Protein chains: 2
Amino acid sequence: MDNKDMDILNMLMDDGRMAFTEIAKKLKTSESSVRKRVKKMEEEGVIKGYTTNINTSKLGYGVVALTGFDTNPEDFLSVAQSLCEFEEIKKVYTSTGDHMIMTEIWAKDGKELSEILFNKLGTIKGIKKICPAIILEQLK
Amino acid sequence: MDNKDMDILNMLMDDGRMAFTEIAKKLKTSESSVRKRVKKMEEEGVIKGYTTNINTSKLGYGVVALTGFDTNPEDFLSVAQSLCEFEEIKKVYTSTGDHMIMTEIWAKDGKELSEILFNKLGTIKGIKKICPAIILEQLK
DNA sequence: TTTGAAAATTGGCCTAA
DNA sequence: TTAGGCCAATTTTCAAA
């Protein structure tokens, strides 16, 4: 990892589909150099993968909620793993702070979110508290 | 937006650099169909863009913190906009729940995070409370 | 780093529903 | 009118030298 790798990474984070030839042109280097560096970063795991940013509301997901979960310490791991299995829950983190588990949940509307939180997740044993924060706007 | 669009989208979310020809092959359709649908979704804004997922710790960012900010109502907007300008703050949301502003901050270590939170952001007028939650592990 | 073949992208034009 | 098929030119990828 040097500055050149970092430059490549920044461009790829900005546009994950940018062609290697174009990156090379902007960085005034060769395409093969760029490609080999990217491959190396992929193999080393610096680059975990590529993804597509979605406008959730245009896709019909009107509600995205950052949702914290509190559990009993002994149920913590099993709850976290159970949450991962739900299709509606897009991200699951363990963290310090108010809630040991933080998630990102996509739902069509408030009704669906409520259904997910209070019905579907009701089957999980050990959840003590659910703290949803609905995202109003992504500024950055 | 129909099922075919959704299938394409799911593949692109899973691998943002997948070639249209490959998507077409897996979906048993033609490359031109895939290409035209993707272009349409880009134009309609369903697809906002493409990015690269980074292993933050391998990049030297040992600490990623979901950080909530509380402000006085009258300072809310200016605080949110100021936060956007910091390079270390990768995401800024306005939200309901405990904190009106939620952010994701990348730092090399605890020392750097502390410096960002309590020195750099000290110049912003109107922040009442800072609530950082350090991410321990991303399970999904 | 350079080179050349294979693969993918792009744009235009056409047909069919 | 819109989605998809087809073709040809260009660009990109990829591996070997």
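All figures in this text were calculated on a predicted structure; none of them were measured in a lab. In what follows, chains carry the letters A, B, and so on, assigned in the order in which the sequence lines appear, proteins first and then strands, with residues in each chain numbered from 1.
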What's the [atom1]-[atom2] distance between [X] and [N], to the nearest Å?
X	N	atom1	atom2	answer
A:Phe20	C:dT9	CZ	P	12 Å
B:Ile23	C:dT9	CD1	C1'	13 Å
B:Met18	D:dT13	CE	P	16 Å
B:Asp2	D:dG4	CG	C1'	13 Å
B:Glu43	C:dT10	CD	P	12 Å
B:Glu42	C:dT10	CD	P	9 Å
B:Leu27	D:dG4	CG	P	11 Å

If you look at every strand shown and take non-hydrogen atoms under 4.0 Å, does B:Lys25 touch a base, only sugar-phosphate, or nothing? nothing

Using a heavy-atom cut-off of 4.0 Å across all strands, would you classify B:Glu31 as base, sugar-phosphate, or nothing? base

Looking only at side-chain N and O atoms, does B:Thr21 come under 4.0 Å of OP1 or OP2 in C:dA7?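 The answer is no; no side-chain N or O of B:Thr21 sits under 4.0 Å from OP1 or OP2.
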
For D:dT13, does either OP1 or OP2 sit under 4.0 Å from a side-chain N or O belonging to A:Lys39?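 For D:dT13, neither OP1 nor OP2 has a side-chain N or O of A:Lys39 closer than 4.0 Å.
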
In one Ile/Leu/Val/Met/Phe/Trp/Tyr side-chain cluster, 4.5 Å: B:Leu117, B:Val63: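 Both belong to a single hydrophobic cluster.
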
Report yes or no: do B:Val64 and B:Ile101 belong to one cluster of Ile/Leu/Val/Met/Phe/Trp/Tyr joined by side chain heavy-atom distances under 4.5 Å? no

Using a strict threshold of under 4.0 Å (side-chain N to carboxylate O), is an ion pair present between [Y] and [X]?
X	Y	result
B:Asp5	B:Arg37	yes
A:Glu31	A:Lys25	no
A:Lys48	A:Glu42	no

Considering heavy-atom distances to DNA chain D, does A:Arg17 or B:Lys4 have its closest nucleotide positioned more toward the 5' end?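 Its nearest nucleotide being more 5', the pick is B:Lys4.
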
Nucleotide N/O to protein N/O under 3.5 Å, stretch nucleotides 12-17 of chain C:
from	atom 1	to	atom 2	distance (Å)
C:dG12	O6	B:Lys36	NZ	3.4

Test: B:Arg35 cationic atom under 6.0 Å from B:Phe20 six-membered ring centre, within 45° of axis: no

Residue mapping more 5' on DNA chain C - nearest nucleotide basis, A:Ser33 or B:Ala19: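 Upstream on the strand: A:Ser33.
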
Could you give the distance from CD1 (A:Ile116) to CD (A:Glu88), rounded to the nearest 0.5 Å? 4.0 Å

